[in-house]
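Structure record follows, encoded as structure tokens.
In listed order, ligands and their atoms are each counted from 1.
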Amino acid sequence: MCGCSLLYELSRYSIKTLLLEKENDVSDGTSKANSAIVHAGYDPAPGTMMARYNVEGNTLMERLCADLDIMYKKTGSLVVGFDDTDRKSIEKLYVKGNRNGVPGLRIVEGKELFKMEGALSRDIVCALYAPTAGIVSPWEFAIAQAECAVKGGARVEFNAEVTGIKTENGHFVVVTAKGEYKARFVVNAAGVNSDIISGMAGEKFFTIQPKRGEYYILDTTEAKLVNMVIFPCPSKLGKGVLVSPTVHGNIIVGPDSTDCPREATESTVSGLEYVAKNALRCVPSVNLRASIRNFSGVRADAGLEDFIVGESKRTPGFFNIAGIKSPGLTASPAIARDVAGMLLDKGLDSTPNPDFVTERKVTRFKYLSDDEKREAIARNPLYGTIVCRCETVTEGEIVDALNRPLPPRSLDAVKRRCTTGMGRCQGGFCGPRVMALIAKYGNTSETDIPLDREGMYIVTGRTKGKRVSL
Ligand SMILES: Cc1cc2nc3c(=O)[nH]c(=O)nc-3n(C[C@H](O)[C@H](O)[C@H](O)COP(=O)(O)OP(=O)(O)OC[C@H]3O[C@@H](n4cnc5c(N)ncnc54)[C@H](O)[C@@H]3O)c2cc1C
């Protein structure tokens, strides 16, 4: 996410920028597996970069989502309390939030609270209401920024794992699985691997202890359960198990927080049991039997109260955007703006890029009115063929995504762009059809199309029967 936000921010200027990504798509790390909340900003300690970036990022994200046509909704959030101890925590959050500059915070209780959210446990005595909190499609936020940056002249190199960083004659040489790249400045935004990359540049002052968080995604049948993001009071383990709507019409429930190896994104019985127990405490009617998917994401926790953002003291020209745990998604546009400013201060050319892309428009057939649907099909008959029945995604939308910058190369990359396979059948119906489209428009073979990362192949050859055709 932070890499994509910075790439977009830097595409304002007439400079050469390159994003090196070890996977075959952007947003394939932590940014695709989180709660997707645009936090209001009452949690971080006042005076930290985290607090400033959170509140600024909240505002920037709303604007960017409107400009780049990214799914976003300002829902508001509630931090709920069950007793006097929780009330004190909520009062502290209220004071902290005001110091951080979060607008509109209020402590609500009684009838007003249950009118806001009827499904809350009647054991809840009060809540902190934050009207500026929201929900977003996190992977789309990264993809949209990267697409616009590339359209404006930036480069992205996939399957380019960084394995070393050298300095030669006053510039950096970044060694990757795909070759070496020279650069005047290097910015490390490698998520759970950010300590390893920082170490390559001689900066070894922090270590990432990855922390996994697990989730349930509930079917859209449960969409009316809550309108806002419902949090318990925060604890040492973080913001706690939330129950929230998603921009795609599901309910998300989670996460827990347990130490894990880097990128260990499995789901566990113990993790999901913990999530279930804590969710039911706040929202007793949450129906976990309507779960259509479990997943987990891994936080890049550097064990600090703040993010690590700025130029290395030991290696001038090398910058870290590291230890970006929650609220890193919300903070990312503000971090990017700040780091771009630091690079300009170091002499980066600030000549405006005449090709800077400020707008993006995506057709989402499902959300069009009947008249708009008719017009869309008249304009492009491919919008008349439904490929994903659960999510009503058309062939036209998939072909649009395949024709945009950074065309998807895997089934999940199409899913992140078009929502195919995100419904109840989880791609059982549309999977082969999406594969056929990637093969056709990407001029490749179905046997070369992975589920997500390279090597995650779905089919390895033909046995018998006919090819799926649309
Ligand atoms: C369970 C959980 C819930 C969260 N909920 C929220 C929330 O609701 N709201 C919020 O604001 N934040 C939330 N966060 C935090 C947020 O998701 C992260 O802060 C954010 O996604 C971090 O973005 P990033 O760009 O730093 O890391 P990533 O998205 O992980 O990006 C790092 C990229 O670097 C690449 N990479 C790694 N190593 C190399 C290498 N050697 N060479 C090349 N590329 C490499 C990876 O493939 C990846 O694409 C949550 C996090 C978790 C885990």
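At a 3.5 angstrom cut-off on N or O pairs, Thr30 counts as close to ligand 1. At under 3.5 Å, not a single nitrogen or oxygen of Lys211, backbone or side chain, sits near a nitrogen or oxygen of ligand 1. Residue contacts with ligand 1: Met1 is placed with a nitrogen or oxygen under 3.5 Å of a nitrogen or oxygen of the ligand (distance criterion only). Polar contact with ligand 1: absent for Ile321 (N/O pair, distance under 3.5 Å). Between Ile37 and ligand 1, at least one pair of N/O atoms sits closer than 3.5 Å. Between Arg299 and ligand 1, not a single N/O pair is under 3.5 Å apart. Considering backbone and side-chain N/O atoms, Gly213 never comes within less than 3.5 Å of an N/O atom of ligand 1. Between Glu21 and ligand 1, an N or O atom pair is found at a separation short of 3.5 Å. Not one N or O of Tyr215 is nearer than 3.5 Å to an N or O of ligand 1, by distance alone. Residue-to-ligand polar distances keep Asp28 apart from ligand 1: every N/O pair is separated by 3.5 Å or more.
Looking only at atom types and distance, the side chain of Glu214 has a donor-acceptor partner in the side chain of Thr268 under 3.5 Å away. At a cut-off of 3.5 Å, with distance as the only test, a side-chain donor of Ser326 or Lys239 sits close to an acceptor on the other residue. For the 3.5 Å distance criterion, the side chains of Ser77 and Tyr129 fail to qualify, holding no donor opposite an acceptor. Side-chain N/O atoms of Asn24 and Asn159 include no donor and acceptor closer than 3.5 Å.
Counting protein heavy atoms only, atom 39 (C) of ligand 1 is closest to Lys22 CD, 3.7 Å. At the top of the distance list for atom 13 (C) of ligand 1, counting protein heavy atoms only, stands Ser326 OG, 3.5 Å. Here the heavy atom of the protein found nearest to atom 27 (O) of ligand 1 is Gly191 CA, 3.6 Å. Ranking protein heavy atoms by distance to atom 20 (C) of ligand 1, first place goes to Ser31 OG, 3.8 Å. Among all protein heavy atoms, the one lying closest to atom 7 (C) of ligand 1 is His39 NE2, 3.5 Å.
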Start with the C-alpha distance between Met50 and Glu305, add both sets of side-chain angles, then the distance that settles side-chain contact (heavy atoms from CB on, under 4.5 Å), and finish with yes or no. CA-CA 8 Å; Met50 194 186 270; Glu305 283 287 295; over 6 Å; no

Kindly indicate, with the supporting measurements, whether the criterion salt bridge (charged side-chain N to carboxylate O under 4.0 Å, His left out) is fulfilled by Glu140 and Arg360. CA-CA 12 Å; Glu140 211 193 329; Arg360 189 187 79 128; 3.3 Å; yes

Check against side-chain contact (heavy atoms from CB on, under 4.5 Å), Leu128 and Tyr42: CA-CA 10 Å; Leu128 178 69; Tyr42 49 74; 3.9 Å; yes

Show, in sequence, the C-alpha distance, side-chain angles and deciding distance for Leu78 and Val229, and conclude whether the side-chain contact (heavy atoms from CB on, under 4.5 Å) test is met. CA-CA 6 Å; Leu78 292 170; Val229 188; over 6 Å; no

Go through it in stages, so that I can follow the logic: the residues are Ser35 and Tyr215, the test is side-chain hydrogen bond (donor to acceptor under 3.5 Å, both in side chains), and I'd like the CA-CA distance, side-chain angles, deciding distance and then a yes or no. CA-CA 8 Å; Ser35 308; Tyr215 292 91; 2.6 Å; yes

Arg453 vs Asp28, test: salt bridge (charged side-chain N to carboxylate O under 4.0 Å, His left out). Steps then yes/no. CA-CA 8 Å; Arg453 297 177 168 184; Asp28 212 8; 3.6 Å; yes

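Heavy atoms of Val298 found under 4.0 angstrom from ligand 1 belong exclusively to the backbone. Of all the heavy atoms of Arg212, none lies under 4.0 Å from any atom of ligand 1, so neither backbone nor side chain is involved. By the criterion of a heavy-atom distance under 4.0 Å, neither the backbone nor the side chain of Val26 is placed next to ligand 1. Within the 4.0 Å heavy-atom criterion, the part of Ala36 lying near ligand 1 is the backbone and not the side chain. Contact annotation: for Ala160 versus ligand 1, heavy atoms closer than 4.0 Å belong to the backbone alone. With a 4.0 Å heavy-atom cut-off, ligand 1 is reached by the backbone of Asn34 and by its side chain too. Under 4.0 Å from ligand 1, not a single heavy atom of Ala300 appears.
Heavy-atom proximity to Ala189, at under 4.0 Å, picks out these atoms of ligand 1: 32 (C), 33 (C), 34 (O). Less than 4.0 angstrom separates some heavy atom of Ile197 from each of these atoms of ligand 1: 41 (N). For ligand 1, the atoms sitting less than 4.0 Å from at least one non-hydrogen atom of Val162 are 40 (C), 41 (N), 42 (N), 43 (C), numbered in the order shown with element in parentheses. Counting the atoms of ligand 1 from 1 in the order shown, those under 4.0 Å from a heavy atom of Pro327 are 10 (C), 11 (O), 12 (N). Numbered from 1 in the order shown, with element, the atoms of ligand 1 that lie under 4.0 Å from a heavy atom of Gly297 read 53 (C). Each of the following atoms of ligand 1 lies closer than 4.0 Å to a heavy atom of Gly328: 11 (O), 12 (N), 15 (C), 19 (O). Taking every non-hydrogen atom of Leu20 and a distance limit under 4.0 Å, the qualifying atoms of ligand 1 come out as 43 (C), 44 (N). With ligand atoms numbered from 1 in the order given, ligand 1 contributes 47 (O) to contacts under 4.0 Å with heavy atoms of Glu23.
Around atom 26 (O) of ligand 1, the closest heavy atom drawn from Asp25, Ile324, Leu242, Ile335 belongs to Ile324.
Applying the 6.0 Å contact sphere to CZ of Arg184 captures more than 12 heavy atoms from other residues, nucleotides or ligands. Open room surrounds OH on Tyr94; 12 or fewer heavy atoms of other groups in view lie less than 6.0 Å from it.
Between Phe307 and Tyr53, the two ring planes are parallel [angle under 30°; tilted spans 30° to 60°]. Ring planes of Trp139 and His248: parallel class, angle under 30° (limits at 30 and 60°).
Nearest approach of Pro333 to Leu64, heavy atoms of both residues: CB-CD1, 3.8 Å.
Taking the six-membered ring for Trp and the full ring otherwise, the centers of Phe231 and His39 sit less than 6.0 Å from each other. Tyr8 has its ring centre less than 6.0 Å from the ring centre of Phe356.
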